[in-house]
Structures are given as structure tokens and as C-alpha cells.
Amino acid sequence: MTTDTTGTVARDGEPRPGGPADSPFIRACRRRPGPHTPVWFMRQAGRSLPEYREIRATVPMLESCRRPELVTEITLQPVRRHGVDAAILFSDIVVPVAAAGVDLDIVPGTGPVVAEPIRTAADVERVRPITRDDVWYVDEAVRQLVVELGDTPLIGFAGAPFTLASYLVEGGPSRTHAKTKALMYGDEELWHALCGRLAEVTLAFLRVQIDAGVSAVQLFDSWAGALSEADYRRFVLPHSTAVLSGLVDAGVPRIHFGVGTAELLGAMGEAGADVVGVDWRTPLDVATGRIGPDKAVQGNLDPCVLLAPWPVVEAEVRRILEQGRAAPGHVFNLGHGVLPETDPEVLTRVVALVHELSSRRADQG
């Protein structure tokens with residue numbers, strides 16, 4: 001029998017009462033009924049919170065990800081303020097890549113910038129495997145957070161091989177991913193060597209977080225929507241599958257998310273996740289039809305809606321909850337990350353509204 005890191009029965013039986021494994025969030029991920037629809041927000045620990053901006057004012061991004069006491073504090077901030085049903089580890093998708101020896105920095109206003117973009121087989125060899133010691137600060141932060149959070153589950157995460165490869169090949173963020181696609185189409189052997197190496201790094205990074213006590217993990221493939229389904233299946237799916245299938249024995253739910261992935265949802269569902277995240281472009285009932293009946297869904301309020309008057313926000317929350325009923329499990333979230341200009345009070349109100357509406361529905365059977 002498989003058990004998760006909280007010691008409660010995880011994958012092949014009902015969890016014992018109490019603890020993160022019995023939380024509304026984990027129940028929804030496992031397609032089990034719960035007291036209400038759980039809600040958390042991508043980028044909930046971040047620039048929309050004044051307490052976050054204060055703590056980050058003098059600390060560079062990568063440094064903040066490497067200081068366990070800061071990671072712990074920033075991760076806890078939205079749980080305290082909003083009452084969300086899950087925390088997500090404060091980090092960045094390039095943290096394990098930097099630990100693997102890639103010279104990069106997260107430049108304010110730009111994002112990750114790579115000093116020497118990958119172009120050759122020799123460049124791929126520079127991306128070395130990682131161990132717990134390479135990311136000890138993540139291990140330590142997770143262990144601190146598990147204690148602080150108590151019954152609230154903690155989500156670990158990592159970037160998927162394609163999205164990481166895009167940063168490494170482009171040298172930074174890109175709108176077109178032209179260099180990435182040129183390598184992908186022009187040297188398939190090198191492409192698969194790079195993504196295979198990144199899959200190993202990603203899997204190791206997630207294993208560190210699971211061993212330290214996270215209750216679920218999310219694999220972010222933020223840029224996969226730049227591809228056709230045929231290209232996704234040929235160049236990306238094998239490597240995302242390697243990561244997700246490598247965690248099948250870990251006893252924690254696996255979430256897979258990308259942006260602009262409407263035509264990819266079926267293929268993404270095949271990669272091995274328990275939950276598929278859906279951006280705001282695809283209604284959840286339609287997404288469920290594409291993903292299949294054996295996966296929960298996560299999403300999918302447009303982050304820009306949070307900037308609208310409250311009656312608009314409320315109407316959209318109601319619509320998404322109704323469409324989410326088509327899925328065997330629904331975790332309420334945004335269709336992408338919280339925008340920096342979002343009023344934190346609106347997020348708090350959304351959490352309360354989701355709980356109120358879904359609790360009422362549960363009470364009514």
C-alpha cells in the first residue's frame with residue numbers, strides 16, 4: 001500500500017481523517033467529494049501583496065528563492081490573508097536549472113536571462129544532474145512549511161522540460177519561440193537530448209520536494225501552447241510523461257498546466273497527471289470532454305476579470321463553478337497567474353464566495 005508523506009493512505013484507499021491528505025484540495029485532486037470546492041491561485045504569493053513587495057524590496061529574486069526563511073514567509077502570506085485551501089511553494093521554474101550549473105539570472109522586468117544559450121551537444125552536457133544538496137534550501141523550506149501549515153496542503157512545483165528548454169535556447173523570454181522551434185525542427189536528436197536532460201533535473205527537483213513533505217506537485221508547461229498537437233506529441237509529450245510517470249509511486253497528486261493549450265488538453269491528459277489545469281480560453285465542461293473522465297480539472301477564471309467590478313467577478317465565479325461540475329473533481333483557480341495590479345481584497349472575496357457557493361451546493365446534495 002502506498003502512503004504519502006503525511007502518513008495517511010494516499011492512492012489506493014480512503015485517507016484517514018485529518019491532515020493535508022484529507023483536505024478539500026487533495027480530495028478534489030483525487031476526484032473524491034469534499035465539503036466545498038477548494039481554491040488557490042497561481043502566483044498567489046507574489047506581487048499583488050504589499051507584504052510581499054516589502055519583503056522583496058531589497059532581495060533579488062533568485063536569492064529570495066534560496067533563503068528558506070524568506071521562502072517560508074512568502075509562501076504563508078496568501079494563506080494568512082486569503083484563507084486559500086492550499087499553499088504553493090514560493091520559488092521559480094529556473095531554480096533547478098541554475099542548480100544544475102546553468103549561468104542565469106532573473107532580471108526585474110524581463111525574467112530569466114541565460115548567459116550562454118544552448119546551441120550544441122556540448123552545451124547540453126553543461127546541464128548536470130542535481131541532488132538534494134544542490135537545492136538544500138528548497139528541502140529546508142518545505143520542511144519548515146509543512147510544520148507551519150498544519151492541515152493545509154503545500155503544493156510543490158517545477159517547470160516542464162519544453163518550457164525550460166525554451167528559456168535555455170532563446171536565452172530569455174520569447175514571444176515567438178523561433179530559436180526554440182528552429183532547434184526542435186532542425187536537430188531533433190539534440191532537442192531530445194536537451195529535453196531528456198531537463199526531464200531528469202525536473203524529476204529530481206520534484207522528488208526533493210516530495211521527500212520533504214509537499215502534498216501535491218504541479219508541472220508548469222507555460223509555453224506549450226505555442227505548439228501544434230502533432231508537434232507537442234512528437235517533441236514534448238515523451239519528456240513531460242517521463243517526469244509525471246516518474247512520480248507515479250510518490251503518493252501525491254500530480255497537476256499539469258499550460259497556457260493556450262485548448263488543442264493540447266487531450267494530449268496533456270495523457271502525460272500522466274491526476275489533474276489538468278485549464279486556462280481561461282476553454283470552458284471547464286468542454287475541457288473535461290477533451291481531457292477525459294478520469295482526470296480532475298483546475299481553473300479557470302481569467303486573471304483580468306479580477307480587475308472588473310465585483311458583480312462581474314461574482315458572475316464569472318458562478319459560471320466557472322457551474323461548468324466545473326462536469327468534471328469528476330474541480331479545483332478552483334485562475335487561468336494563469338495573479339496580475340500584480342490585482343486588489344488582494346478581491347482575491348479574499350473570491351475565496352469566500354467559492355466556499356459559500358460550493359458549500360451550499362454540497363449541503364443541498
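All residue numbers refer to positions in the sequence shown, counting from 1. Predicted, not measured: the structure shown is a model, and the values here were computed from it.
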Next item on the list: Check the angle between the aromatic planes of His355 and His36 and answer parallel, tilted or perpendicular using the 30° and 60° thresholds.
Entry: tilted
Note to self: Which residue in the set Leu339, Thr342, Val312 passes side chain to side chain contact (heavy atoms under 4.5 Å, CB included) when paired with Leu306?
What the structure shows: Thr342
Note to self: Which label fits Phe157 and Phe220: parallel for a plane angle under 30°, tilted from 30 to 60°, or perpendicular past 60°?
What the structure shows: perpendicular
Margin query: So that I can tick it off, tell me whether Arg66 and Glu63 are bridged by a salt bridge, with the cut-off set at under 4.0 angstrom between side-chain N and carboxylate O.
Written below: no
Notebook entry, point to check: Would Phe205 and Val95 satisfy side chain to side chain contact (heavy atoms under 4.5 Å, CB included), going step by step from the backbone distance to the final call?
Noted result: CA-CA 9 Å; Phe205 188 55; Val95 165; 4.2 Å; yes
Check: Do you know which two heavy atoms are closest between Cys195 and Pro161, and how far apart they sit?
Finding: O-CB, 3.8 Å
Notebook entry, point to check: If you take all heavy atoms of Glu229 and Leu264, which pair is closest and at what distance?
Noted result: CA-CD2, 3.4 Å
Checklist line | Pairwise side-chain contact, Val305 with Val317, heavy-atom cut-off 4.5 Å (strictly under) | finding: no
Next item on the list: I would like to know whether Arg233 and Glu270 meet salt bridge (charged side-chain N to carboxylate O under 4.0 Å, His left out); could you show each step before the answer?
Entry: CA-CA 10 Å; Arg233 288 184 176 278; Glu270 295 171 20; 2.8 Å; yes
Checklist line | Gap between atom CG of Leu70 and atom CZ of Arg56 - 0.5 Å precision | finding: 9.0 Å
Check: Testing Val214, Ile74, Leu145 for side chain to side chain contact (heavy atoms under 4.5 Å, CB included) with Leu89, which one passes?
Finding: Leu145
Check: How long is the span from the OG atom in Ser222 to the CD1 atom in Ile93, to the nearest 0.5 Å?
Finding: 5.5 Å
Notebook entry, point to check: Hey, does Leu154 have a side-chain heavy atom less than 4.5 Å from the side chain of Pro20?
Noted result: no
Check: Below 4.5 Å, heavy atoms only, C-beta onward: do Met42 and Val338 meet side chain to side chain?
Finding: no
Checklist line | Side-chain heavy-atom pair Val350, Trp310 within 4.5 angstrom cut-off | finding: yes
Check: Is there a path of hydrophobic side-chain contacts, each under 4.5 Å between heavy atoms of I, L, V, M, F, W or Y residues, that connects Val107 with Val97?
Finding: no
Note to self: Strictly distance-based, threshold 3.5 Å: is any side-chain N or O of Arg27 a donor or acceptor partner for the main-chain N or O of Arg32?
What the structure shows: no
Item checked: Check against salt bridge (charged side-chain N to carboxylate O under 4.0 Å, His left out), Asp123 and Arg126 -> CA-CA 5 Å; Asp123 294 334; Arg126 289 192 282 109; 3.2 Å; yes
Next item on the list: Determine, step by step, whether Leu247 and Arg207 satisfy the side chain to side chain contact (heavy atoms under 4.5 Å, CB included) criterion, reporting the C-alpha distance in whole Å, the side-chain angles of both residues, the deciding distance to 0.1 Å, and the verdict.
Entry: CA-CA 8 Å; Leu247 300 173; Arg207 278 285 184 184; 3.8 Å; yes
Notebook entry, point to check: Got a second to check how far Ile255's CD1 is from Gln218's CD, nearest 0.5 Å?
Noted result: 5.0 Å
Notebook entry, point to check: Nearest heavy-atom pair of Leu353 and Glu314: which atoms, and what distance?
Noted result: CD2-CG, 3.6 Å
Checklist line | NZ/NE/NH1/NH2 to OD/OE distance under 4.0 Å, Glu188 and Arg234 | finding: yes
Note to self: Between Asp85 and Val39 (side chain of the first, backbone of the second, donor and acceptor by atom type, cut-off under 3.5 Å), is there such a pair?
What the structure shows: yes
Notebook entry, point to check: Do you know which of Asp139, Thr72, Thr75 makes side-chain hydrogen bond (donor to acceptor under 3.5 Å, both in side chains) with Gln144?
Noted result: Thr72
Margin query: I'd like to check Arg128 versus Asp134 (side-chain heavy atoms, cut-off strictly below 4.5 Å). Are they in contact?
Written below: yes
Notebook entry, point to check: Do side-chain atoms of Ser23 reach the backbone of Ile26 as a donor and acceptor pair under 3.5 angstrom?
Noted result: yes
Item checked: Side chains of Arg290 and Val286 in contact at under 4.5 Å (non-hydrogen atoms) -> yes
Checklist line | For the student: nearest non-hydrogen atoms of His177 and Ser174, plus distance | finding: N-OG, 2.8 Å
Checklist line | Check: Asp279 side chain, His336 main-chain N or O, donor-acceptor pair, under 3.5 Å | finding: no
Check: Out of curiosity, Leu301 CG to Leu334 CG, how far, rounded to the nearest 0.5 Å?
Finding: 5.5 Å
Check: Hey, are Arg319 and Gln323 close enough side-chain-wise for a donor-acceptor pair under 3.5 Å?
Finding: yes
Next item on the list: I would like to know whether Leu183 and Leu190 meet side chain to side chain contact (heavy atoms under 4.5 Å, CB included); could you show each step before the answer?
Entry: CA-CA 8 Å; Leu183 175 61; Leu190 179 60; 3.5 Å; yes
Next item on the list: Mark yes or no for whether His256, through its side chain, and Leu219, through its backbone, hold a donor-acceptor pair below 3.5 Å.
Entry: yes
Check: Are the side chain of Ser358 and the backbone of Thr37 linked by a donor-acceptor contact shorter than 3.5 Å?
Finding: yes
Next item on the list: State plainly whether the residues Glu322 and Arg318 are in salt-bridge range, i.e. N to O under 4.0 Å.
Entry: no
Checklist line | Donor-acceptor under 3.5 Å (Thr288 side chain, Leu284 main chain) | finding: yes
Margin query: Could you check whether any side-chain N or O of Arg31 sits under 3.5 Å from a backbone N or O of Asp294, counting only pairs where one atom can act as donor and the other as acceptor?
Written below: yes
Note to self: Are Leu227 and Phe235 packed together at the side-chain level, in the sense that at least one heavy-atom pair is separated by less than 4.5 angstrom?
What the structure shows: no
Checklist line | Over 12 non-hydrogen atoms of neighbours within 6.0 angstrom of CZ in Arg80 | finding: yes
Checklist line | Step-by-step salt bridge (charged side-chain N to carboxylate O under 4.0 Å, His left out) determination, Arg47 to Glu341 | finding: CA-CA 8 Å; Arg47 293 169 294 172; Glu341 58 267 41; over 6 Å; no
Notebook entry, point to check: Should the pair Asp231-Lys181 be classified as a salt bridge under the 4.0 Å nitrogen-to-oxygen rule?
Noted result: no
Check: Taking all non-hydrogen atoms of both residues, which atom of Thr152 and which atom of Ala87 are closest, and how far apart?
Finding: CG2-N, 4.1 Å
Margin query: For the OH atom of Tyr167 and the CH2 atom of Trp223, what is their distance to the nearest 0.5 Å?
Written below: 4.5 Å
Check: Taking side chain as C-beta onward, heavy atoms only, is Pro303 less than 4.5 Å from Trp280?
Finding: yes
Item checked: Interatomic distance, Glu263 atom CD to Met268 atom CE [nearest 0.5 angstrom] -> 13.0 Å
Item checked: Under 3.5 Å: donor-acceptor pair, side chain of Asn300, backbone of Thr282 -> yes
Note to self: With clusters defined by side-chain heavy atoms of hydrophobic residues (ILVMFWY) lying less than 4.5 Å apart, directly or transitively, does Leu164 cluster with Val113?
What the structure shows: no
Item checked: His192/Leu194 under side chain to side chain contact (heavy atoms under 4.5 Å, CB included): CA gap, chis, key distance, verdict -> CA-CA 5 Å; His192 285 299; Leu194 172 60; over 6 Å; no
Item checked: Shortest non-hydrogen contact between Phe257 and Gly335, atoms and distance -> CZ-O, 3.3 Å
Notebook entry, point to check: Under 30°, 30 to 60°, or over 60°: which ring-plane class applies to Tyr52 and Phe90, parallel, tilted or perpendicular?
Noted result: perpendicular
Notebook entry, point to check: Judged by atom type as modelled, is there a donor-acceptor pair below 3.5 Å linking the side chain of Asp274 to the main-chain atoms of Arg254?
Noted result: yes
Item checked: Transitive ILVMFWY side-chain link Leu168 to Tyr185, under 4.5 Å -> yes
